[in-house]
Amino acid sequence: MAISYEKIPNNVDLASNPKLQKALEEWQPNFRNWWMEMGPEGFQQDDIYLRTAISVDPSGWAHYDYVKMPEYRWGIFLTPPEADRRIAFGDNIGAQAWEDVPGEFRKELRRIIVTQGDTEPASVEQQRLLGKTAPSLYDLRNLFQVNVEEGRHLWAMVHLLHQYFGRDGREEGEELLQRRSGNPDSPRILGTFNKPCEDWLSFFCFTMFTDRDGKYQLAALAESGFTPLARATRFMLTEEAHHLFVGETGVGRVIERTAQLMKQAPNEDVRAFGAIPLDIVQRYINEWYSSSLDLFGGEDSSNAATYFAQGLKGRFDEGSDAKWPDHVALEGSYTIDVPEGGRLTPHDIPLRRAMNLVLRDSYSEDCERATKKWNRTLEEAGLPNRVALPSQRFNRRIGLYANMPFTPSGELLAPEQFQARVSEWLPTPDDLGYVKSLMAPVYEPGKFASWIAPPRRGVNNQPPEFEYVKRAQR
Ligand code: BYC
């Protein structure tokens with residue numbers, strides 16, 4: 001497909017819908033203002049080697065070139081339409097899928113789209129200062145790739161709001177640019193998106209664990225009976241894969257570097273070499289994994305049951321009959337340990353009400369897979385140390401275990417016992433201070449900070465020492 005040079009690049013034939021085009025063109029300068037104010041600070045004039053989506057077909061969507069971030073071609077891309085698409089689950093299974101918003105589900109759909117949309121600018125806000133301390137040009141470029149694509153994902157949700165929700169949708173589009181991560185007066189909607197993400201180990205944990213929630217939520221929405229949402233999120237998922245790669249390999253490279261030093265100098269503290277001890281990495285994993293579990297909502301959720309019944313939000317890979325022989329899910333239950341009177345008692349949750357949990361299980365399996373991979377690095381270095389995911393009950397703020405003093409192995413303690421040991425389990429001020437002390441920029445092509453191993457290969461078949469960011473004259 002030829003590169004299109006419309007004001008708003010798109011494959012939704014925006015030119016044939018002047019009202020929508022006008023609304024989006026009015027939103028565009030506000031988006032740009034937000035980007036300049038809240039996007040990556042200090043790098044807007046630099047040339048970054050970025051992938052830009054210019055169409056959804058394989059030759060068009062992964063187009064690499066040097067771009068200044070404010071000139072990135074944010075646009076609207078839906079995967080191609082399917083003939084005779086049907087609703088694949090819930091009460092309306094088998095009925096024609098919706099091309100427009102069904103009036104009776106308008107409130108729910110708007111809420112889902114706004115919640116999804118809100119996370120995208122939030123993450124850019126959380127990461128806006130990280131460029132100043134990047135461990136290499138390769139990592140710096142990956143950060144910016146993630147940032148511009150989160151910006152595009154915001155466009156994807158704002159397009160749906162503008163096209164299908166009229167004036168309400170346009171108002172939501174404005175509010176998405178007004179809330180601010182961590183601002184007590186106008187915070188982002190979901191907890192994790194208000195947390196500080198001020199060092200690169202946090203960034204890698206964020207892209208590993210929090211972006212991965214994004215993958216599973218987007219996959220659940222890609223099953224939606226509301227076809228425009230399904231087509232928008234399907235294309236977002238192709239971009240999301242790179243973010244998860246950045247997180248998984250980022251944490252992996254930190255562990256690899258530490259393992260290398262532990263092997264070389266078994267009697268020394270890796271801090272002597274400017275690396276990050278494994279117990280600190282473990283505490284970061286505990287923090288970001290537990291916070292990301294909260295993003296799935298409560299384990300027993302009437303909202304989740306409603307979304308499933310209405311055909312708005314499915315399970316991961318809902319389309320697979322082999323994986324989910326029953327797409328109605330009116331029968332069956334999910335057994336989970338519920339804290340009652342200081343003990344855990346198994347309770348059955350009707351399956352539809354447990355859909356957040358079912359989706360979360362797919363997510364946790366994926367996180368386990370990555371953890372095993374990190375542990376292979378430790379094993380190959382001949383070290384006995386391992387990292388692990390904490391129990392689903394640890395450090396939760398949402399759902400059945402919210403604000404209860406469970407250990408990472410899932411044991412319930414008295415609050416004072418928990419307090420006495422929490423520094424073993426969550427990053428301490430000293431941990432944060434030490435990691436922060438390592439955060440000095442490395443901008444020379446092919447050089448990497450002391451605390452991280454270089455990647456196996458570079459981006460788009462370029463070598464790791466490629467000049468991924470060309471800094472403007474200052
Ligand atoms: N923080 O029925 P419940 C991504 C609220 S990430 C604060 O248990 P529900 C990305 C909930 O709103 C993916 N509040 O949960 C990643 C409800 O409030 P009300 C984003 C929370 O509704 C990195 C109450 O608690 N996409 O793409 O089934 C970078 C009871 O809720 C939280 C989506 O989230 C929380 N963590 O599930 C960039 C998909 N959790 O009704 C991007 C759309 C729950 O009492 N969102 N609450 O006022 C949804 O499907 C659902 O809103 C949730 C929550 C899964 C998030």
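Hydrogens, waters and symmetry mates are skipped; everything else that's a heavy atom, side chains included, is used. In each ligand, atom 1 is the first atom listed, and ligand 1 is the first ligand listed.
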From CA spacing to verdict: salt bridge (charged side-chain N to carboxylate O under 4.0 Å, His left out), Lys68, Glu71: CA-CA 5 Å; Lys68 291 188 180 29; Glu71 290 159 24; 5.6 Å; no

Under a 4.0 Å heavy-atom limit, does His243 contact ligand 1 with its side chain, its backbone, both, or neither? neither

Could you establish whether Val146 and ligand 1 come within less than 4.0 Å of each other, counting only heavy atoms on the residue side? no

Polar contact flag for Asn303 and ligand 1 (N/O pairs, less than 3.5 Å): yes

Do Tyr307 and Ser224 pair up side chain to side chain, a donor and an acceptor below 3.5 Å, judged on atom types alone? no

With a cut-off of under 6.0 Å to the ring centre and 45° to the axis, is Arg315 in cation-pi contact with Trp324? yes

Of the side chain and backbone of Thr119, name the one, both, or neither that has a heavy atom under 4.0 Å from an atom of ligand 1. both

What residues form a ring-ring contact (aromatic ring centres under 6.0 Å, His included) with Tyr64, not counting sequence neighbours? Tyr49

Parallel, tilted or perpendicular for Trp425 and Phe394, by the 30°/60° rule? perpendicular

Applying a 4.0 Å heavy-atom criterion (strictly less than), which segment of Arg397 is in contact with ligand 1: side chain, backbone, both, or neither? neither

Whether Tyr216 lies under 4.0 Å from ligand 1, heavy atom: no

Would you say Met355 contacts ligand 1, with heavy atoms under 4.0 Å as the rule? no

Which pairs, with at least one residue in residues 87-133 and sequence neighbours excluded, count as a ring pair (Phe, Tyr, Trp, His ring centres under 6.0 Å)? Phe89-Phe308, Trp98-Phe105

